Amino acid sequence: MLIKRSPNGIDLPYPSEITPRAVFESRRSFIRQIAVGSIAGGAMLEMAGREALAQAPGAQKLTAKPNSSYVVMDKPTAYKDATTYNNFYEFGTDKEDPSKYGATLKPRPWTVAIEGEIKKPMTVDLDGLLKLAPLEERLYRLRCVEGWSMVIPWVGYSLAELIKKVEPNGNAKYVEFVTLADKKQMPGIGSRVLQWPYVEGLRLDEANHPLTLLTLGMYGEVLPNQNGAPVRLVVPWKYGFKSAKSIVKIRFTRDQPKTAWNLSAPQEYGFYSNVNPEVDHPRWSQASERRIGEDGLFAKKRKTLMFNGYGDVASLYQGLDLKKFF
Ligand code: MTE
């Protein structure tokens, strides 16, 4: 997201158009089997290639039930790619910085304060968050505004589960996510690349959408530090920067929160930041993307889908001009 120009992508065919026919046909029958419910969610991830996903030695395992309603048909990104190609500016701006320098982050003990326009303000620790609702595994696409994407098996539950518990009052219109900003744990906080703490926000109805995942793990384990340990958000129909990492406060507000990227470059990063191939970033096209670990630098890019393929969310934006409210 740094101010580097990405090469403009040429519009390219869907993977189905470039996949060998036999593979595509078997994928279609696989999709049919899912449609008739003959493959359970867990089996889907197995078939999608879990065996190829090595995990971190010694990381705490999380037991989560695969939720087949939230599984994309794409191949999951290899664990190594998902944990070494990161944006987490609190640890530096290079993609490898978070995995190189992330070890200083202490994900335990950890608390999240929940406050603002709610009837039941509370502070919850990590064990409380892990027990707040049954953990689910969901395979989501994550599309970064820089033009790359990944497919990650996250572990968590709908943020709506937590929202229900704190009972927003009639004034609550937005939810603000404030993340950790501690110089001792995060070497990048000394830099002025963004205003710290990194803050993100959603409209209350977006926060309540079942796709919005309060995320505590990935690949069957707790989150690695570089991916936002111990708790982050994942909002799969929005550009990746809306998915705030290492959250310490969730605040319900009347007014639209002032978010880190919008404050730094309002003409480039709007509040909504829905994935939209029809609205280009002022300095590059958003029509296509490169899948990390699959599409080499010189490979043809794949088409970016409206709302990153999560078309169900369109109803949240009826009557809203998505070009103006980008
Ligand atoms: N959260 C914090 N606190 N700091 C950050 O720099 N970067 C965002 C988002 N959340 C960021 C953050 C961006 S730009 C992206 S694309 C995603 O995290 C990347 O998530 P990943 O590294 O797990 O793929």
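We count ligands from 1, going down the list as the structure has it; atoms in each ligand are counted the same way. For this chain, numbers begin at 1 and follow the sequence in order. The shown structure was predicted, so the numbers you read here are calculated from the model rather than taken from an experiment.
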Taking the six-membered ring where the residue is Trp, are the ring centres of [X] and [Y] under 6.0 Å apart?
X: W196; Y: Y89; value: no
X: Y310; Y: F307; value: no
X: Y269; Y: W261; value: yes

Numbering the atoms of ligand 1 from 1, which are under 4.0 Å from a heavy atom of C144? 16 (S)
I need the contact type for [X] against ligand 1. Using non-hydrogen atoms and a strict under-4.0 Å cut-off, is it side chain, backbone, both or neither?
X: F88; value: both
X: T179; value: side chain
X: E90; value: side chain
X: E200; value: neither

Partner of S288 under side-chain contact (heavy atoms from CB on, under 4.5 Å), chosen from R302, K303, K301: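 Checked R302, K303, K301 against S288; only one passes side-chain contact (heavy atoms from CB on, under 4.5 Å): K301.
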On a heavy-atom basis, I'd like to know which of A244, A82, G240 is closest to atom 17 (C) of ligand 1.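 When every heavy atom of A244, A82, G240 is considered, G240 comes closest to atom 17 (C) of ligand 1.
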Salt bridge flag under 4.0 Å for residues K323 and D321: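 The answer is no: the pair does not qualify as a salt bridge.
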Would you check the N or O atoms of [X], main chain and side chain alike, for any that come under 3.5 Å of an N or O of ligand 1?
X: Q226; answer: no
X: W148; answer: no
X: Y85; answer: no
X: N86; answer: yes

Using heavy atoms and a 4.0 Å limit, tell me yes or no: is G228 in contact with ligand 1?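 Flag not set, G228 not near ligand 1.
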Compute the minimum heavy-atom distance from K242 to ligand 1 and say whether it is under 4.0 Å. no
Over 60° means perpendicular and under 30° means parallel, so classify the ring planes of F88 and F91, tilted if in between.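 Rings of F91 and F88: perpendicular, as their planes differ by over 60°.
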Could you check whether any side-chain N or O of Y198 sits under 3.5 Å from a backbone N or O of T259, counting only pairs where one atom can act as donor and the other as acceptor? no
Is the Lys NZ or Arg CZ of K242 less than 6.0 Å from the centre of F271's six-membered ring, within 45° of the axis?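 Checked: cation-pi criterion met.
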